[in-house]
**Q** 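Please see the structure below; I have some questions.
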Amino acid sequence: MNETSAVPTAPLRARAEIDLGALRANVRALRARAGGAHLMAVVKSDAYGHGAVPCARAALQAGATWLGTATPEEALALRAAGLPGRIMCWLWVPGGPWRQAIEADLDVAVSGMWALREVTGAAREAGRTARVQLKADTGLGRNGCQPEDWPELVGAALQAEAAGLVKVTGLWSHFACADEPGHPSIAAQLTRFREMVAYAEERGVEPEVRHIANSPATLTLPETHFDLVRTGIAMYGISPSPELGTPADFGLRPVMTLSASLALVKRVPGGHGVSYGHHYVTPGETTLGLVPLGYADGIPRHASGGGPVLIDGKLRTVAGRVAMDQFVVDLGGDEPRPGTRAVLFGPGDGGEPTAEDWAQVCGTIAYEIVTRIGTRVPRVHVNG
């Protein structure tokens, strides 16, 4: 079954092909790494640009038992699409849709007293018990409750639980440097997490799940798995860090292949400027190919002069600047027909570049490469 989030034209200007078969295989590989721990499929940011609903369904088919999102709106959209089971969301601001989340049977994260007050108020209004997971800041310094404030939050949560307003379903945290093997913060955070979990449990919290492992920790730190692992980028077949290994090293396969149809092929003389600023000038007579993707589609402008593209079995690079809607490659005299497929990245086993290759050119991480692909590029889901 094929699915697409946009009505395709023939041929498509561009497409991001999402291999749901590869995603299911990745989830199974990650479950094997997780041992006996449950697996949460993280589908925030539209499943890292891959399409949240189809990817969530595929992950559940492959044995994921939880879904995770950043914002409550993302989680509510999954529920509205009919996704069953446990769905957790963790990035809240005051005045958020607490009641809607409670009525949709979501698990909501609480990192401080303001959030606990708002969720208990919403539970009272809804006449239902809210499922709450308390987040500990064990050293990331981002969201989560500081250790010195933990006793107050735990005590207040237990009071709300005794009143029937909340059920504390989880205790959790997040690593800062799990993608850097041997970083001293990993052991320090793990120790702090164990201490904060022990404090809460000694005072009567009975969590269903305790979790701190993200993708890199799932792959390389079995002592961090506890009851649940949260896999994001690895589920999409991308290594969390080149230092940890390639996707193939972990039995993973990239899920997204980004390609476009050449819009124009033309001959130009030597000394011809290409794209804004003429940062590339043809060294001699050659052919240029126009790829109809640009930074409005999520192609990084930082890839100007270096982004790799596979066309007719040959690797080319972006010639000159990436523009809003298009970029140019120097075809070196070859003359593929307009409409020929240009592959920007994919699994890599067909000679095409990977998202990691683009990340290296741009001085960023592969997470950003796939997540930034814009809505103008239709997602075509295959092997569903």
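Owing to the predicted nature of the structure, the values given are computational and were not obtained by experimental measurement. In what follows, every heavy atom counts, from backbone to side chain, and hydrogens, waters and symmetry copies are set aside.
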**Q** Determine whether Arg230 and His174 make a side-chain contact, defined as any pair of heavy atoms from C-beta on separated by less than 4.5 Å.
**A** yes
**Q** Mind jotting down which residue pairs meet the ring-ring contact (aromatic ring centres under 6.0 Å, His included) criterion with at least one end in residues 231-255? Sequence neighbours excluded, please.
**A** Tyr48-Tyr236, His50-Tyr236
**Q** Determine, stepwise, if the pair Asp105 / Arg79 fulfils salt bridge (Lys or Arg N to Asp or Glu O under 4.0 Å).
**A** CA-CA 9 Å; Asp105 290 322; Arg79 193 65 94 203; 5.7 Å; no
**Q** Working to the nearest 0.5 angstrom, can you tell me the gap between Arg301 CZ and Met324 CE?
**A** 10.5 Å
**Q** Got a second to check how far Met256's CE is from Thr354's OG1, nearest 0.5 Å?
**A** 13.0 Å
**Q** Side-chain contact, heavy-atom cut-off 4.5 Å: Asp19 with Thr257?
**A** no
**Q** Tell me if the NE2 atom of His225 is crowded by more than 12 foreign heavy atoms within 6.0 Å.
**A** yes
**Q** Report the C-alpha distance between Leu134 and Val154 in whole Å, list the side-chain angles of each, state the deciding distance to 0.1 Å, and finish with yes or no for side chain to side chain contact (heavy atoms under 4.5 Å, CB included).
**A** CA-CA 8 Å; Leu134 304 181; Val154 168; 4.3 Å; yes
**Q** Would you kindly confirm whether Leu83 and Trp90 end up in one hydrophobic cluster when ILVMFWY residues are joined by side chain heavy atoms under 4.5 Å apart?
**A** yes
**Q** Applying the 4.5 Å side-chain criterion to the ILVMFWY set and letting contacts propagate, would Leu290 and Val377 be lumped into a single cluster?
**A** no
**Q** Under the criterion side chain to side chain contact (heavy atoms under 4.5 Å, CB included), I'd like the reasoning laid out for Val309 against Trp358: C-alpha separation, chi angles, the key distance, then a yes or no.
**A** CA-CA 10 Å; Val309 187; Trp358 277 77; 4.3 Å; yes
**Q** Side chains of Leu310 and Pro353: closer than 4.5 Å at any heavy-atom pair?
**A** yes
**Q** Is it possible for you to say whether Leu244 and Ile238 belong to one hydrophobic cluster, with membership spreading through side-chain heavy-atom contacts below 4.5 Å?
**A** yes
**Q** Can you pull out every ring-ring contact (aromatic ring centres under 6.0 Å, His included) where at least one residue sits in residues 273-319? Sequence neighbours excluded, please.
**A** none
**Q** What I'd like to find out is whether the side chain of Leu262 reaches to under 4.5 Å of the side chain of Pro336, using heavy atoms alone.
**A** yes
**Q** Between Asp46 and Ala52, is there a donor-acceptor pair closer than 3.5 Å when you use the side chain of the first and the backbone of the second?
**A** yes
**Q** So, the side chain of Asp227 versus the backbone of Arg210: is there a donor-acceptor pair under 3.5 Å, distance only?
**A** yes
**Q** Taking atom CE of Met113 as the centre, does the number of heavy atoms from other residues, nucleotides or ligands within less than 6.0 Å exceed 12?
**A** yes
**Q** Look at Arg128 together with Glu103 and state whether they make a salt bridge at an N to O cut-off of under 4.0 Å.
**A** no
**Q** Verify the neighbour count for atom CD of Glu152: are there more than 12 heavy atoms of other residues, nucleotides or ligands below 6.0 Å?
**A** no
**Q** With rounding to the nearest 0.5 Å, note down the distance linking CD1 in Ile299 to CD in Gln326.
**A** 12.5 Å
**Q** Sub-3.5 Å donor-acceptor pair from the side chain of Arg13 to the main-chain atoms of Ala263, do we have one?
**A** no
**Q** Are Val322 and Val361 in one and the same hydrophobic cluster, where Ile, Leu, Val, Met, Phe, Trp and Tyr link if side-chain heavy atoms are under 4.5 Å apart?
**A** no
**Q** Answer yes if the side chains of Ser259 and Arg341 hold a donor-acceptor pair under 3.5 Å, and no otherwise.
**A** yes
**Q** May I have the step-by-step check of side chain to side chain contact (heavy atoms under 4.5 Å, CB included) for Cys55 and Leu20, ending in yes or no?
**A** CA-CA 7 Å; Cys55 289; Leu20 295 178; 4.2 Å; yes
**Q** What residue pairs, at least two apart or across chains, pass ring-ring contact (aromatic ring centres under 6.0 Å, His included) with a residue in residues 92-120?
**A** Trp92-Trp98
**Q** Please indicate whether Arg192 has more than 12 foreign heavy atoms, meaning atoms of other residues, nucleotides or ligands, lying under 6.0 Å from its CZ.
**A** no
**Q** What residues, two or more places apart in sequence or in another chain, satisfy salt bridge (charged side-chain N to carboxylate O under 4.0 Å, His left out) together with Asp334?
**A** Lys314, Arg316
**Q** Does some side-chain heavy atom of Pro240 sit less than 4.5 Å from a side-chain heavy atom of Tyr367?
**A** yes
**Q** Tabulate below the donor-acceptor pairs under 3.5 Å that side-chain atoms of residues 165-172 make, not counting sequence neighbours, or state none.
**A**
unit_1, atom_1, unit_2, atom_2, d
Lys167, NZ, Glu206, O, 3.4
Thr169, OG1, Asp107, OD2, 2.8
Thr169, OG1, Val132, O, 3.3

**Q** Partners of Asn26 by side chain to side chain contact (heavy atoms under 4.5 Å, CB included), sequence neighbours excluded?
**A** Leu252, Arg253, Val255
**Q** Taking C-beta and beyond as the side chain, do Leu153 and Asp149 meet within less than 4.5 Å on heavy atoms?
**A** no
**Q** Establish whether Val328 and Val268 are linked, either directly or via other cluster members, by ILVMFWY side-chain heavy-atom contacts under 4.5 Å.
**A** yes
**Q** Are side-chain heavy atoms of Gln133 and Val209 found at a separation under 4.5 Å?
**A** yes
**Q** Between Ser239 (side chain only) and Gly245 (backbone N and O only), is there a donor and an acceptor less than 3.5 Å apart?
**A** yes
